[in-house]
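Each chain gets a letter, A, B and so on, in the order its sequence line appears, and its residues count up from 1. No experiment lies behind these values; they were computed from the predicted model shown.
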Amino acid sequence: MPENQLATTTPIHSLDNKFARTIWASMLAPEHMQKVEAEVMERFIPAGAYVCRKGDTVDYWMGVIEGFLKMSSISPEGKTITFSCMLAGGWFGEGSLLKTESRKYDVVALRDTRVAYMPRSTFNWLLDNSIPFNRFLLQQLNERLGFFISLVEYDRMLDIDTRVARCLAAMFHPYLNPGSSMQLQISQEEIGYISSVSRQRANQALQVLEKKKLLSVDYGGITILDLEGLRKFPGEPGK
DNA sequence: GCATTAACAGCCG
DNA sequence: CGGCTGTTAATGC
């Protein structure tokens with residue numbers, strides 16, 4: 001890890017509560033939350049650095065306190081394949097934690113990011129002791145399942161503008177990434193990776209979506225204007 | 001036709 | 001300067 005970047009990067013000022021944007025934290029009993037706060041560690045990951053790599057052993061459930069991560073891997077041909085993105089309030093890795101298997105993808109910070117690490121022991125303790133926590137996890141798994149089913153669907157039948165629209169809508173999913181602001185710094189190349197299209201085609205799709213007033217394209221980023229509209233794009237035919 | 005890669009000029013931080 | 005954007009040209013399925 002390039003530690004010299006830690007000193008030069010402006011620190012993200014701490015929120016008084018690192019779980020402010022986390023849904024499950026607001027569901028827990030206060031005494032359970034005390035234990036969590038005592039046992040969860042936080043780490044700063046500078047933009048471009050790996051949080052973890054495919055094949056790593058999985059000892060933590062991880063969450064984004066602030067910043068922006070992508071889950072991806074490199075194909076045998078050397079192409080980058082992005083599966084999903086995590087923004088503030090998003091937690092991930094429960095699949096491998098529950099199955100006790102190695103990490104199935106790389107996780108890379110696309111911007112400076114504060115990551116929370118919950119030890120496996122705490123995670124298991126919550127499973128044993130907190131019904132709200134189980135309920136949250138069940139719903140998260142269900143939301144993810146729906147997301148990946150829609151991925152298969154659009155991979156096979158949707159046009160590219162719609163694909164980009166859905167990928168962006170998924171990134172701002174209110175349950176999986178509840179704390180994200182509607183303004184996000186992300187290059188069009190990364191949007192291409194997420195949607196599995198070329199940068200040039202991603203640019204074209206963004207312009208279409210901007211014309212429909214679903215988002216605005218900023219330099220090096222986008223602002224979501226109509227999340228519901230993105231999810232439903234292209235909407236009624238003939239519009 | 002439509003998407004992809006390659007290449008390039010222009011812009012921003 | 002380095003990274004990102006917006007375009008165009010060449011190539012491929």
| request: Indicate whether the side chain of Asn177(A) and that of Ser180(A) have a donor and an acceptor atom separated by less than 3.5 Å. | output: no

Separation of atom [atom1] in [X] from atom [atom2] in [N], rounded to whole Å:
X         : N      : atom1 : atom2 : answer
Glu189(A) : dG6(C) : CD    : P     : 14 Å
Arg111(A) : dC4(C) : CZ    : C1'   : 15 Å
Asn203(A) : dT7(C) : CG    : C1'   : 9 Å
Glu190(A) : dC4(C) : CD    : P     : 8 Å
Gln207(A) : dC4(C) : CD    : C1'   : 14 Å

| Between the side chain of Thr113(A) and the main-chain N/O of Phe68(A), is any donor-acceptor distance below 3.5 Å? | yes

| Checking Arg53(A) against Tyr50(A): charged group under 6.0 Å from the ring centre and within 45 degrees of the axis? | yes

| Ring geometry between Trp24(A) and Phe133(A) (parallel below 30°, tilted from 30 to 60°, perpendicular above 60°) | perpendicular

| Listed partners of Gln200(A) passing side-chain hydrogen bond (donor to acceptor under 3.5 Å, both in side chains), at least two apart | none

| message | Centroid separation under 6.0 Å, is that true for the rings of Phe136(A) and Tyr175(A)? | response | yes

| request: Let me have a per-nucleotide readout for nucleotides 3-13 of chain B, 5' to 3', with B, S or -, counting only protein heavy atoms under 4.0 Å. | output: SSBBB--BBS-

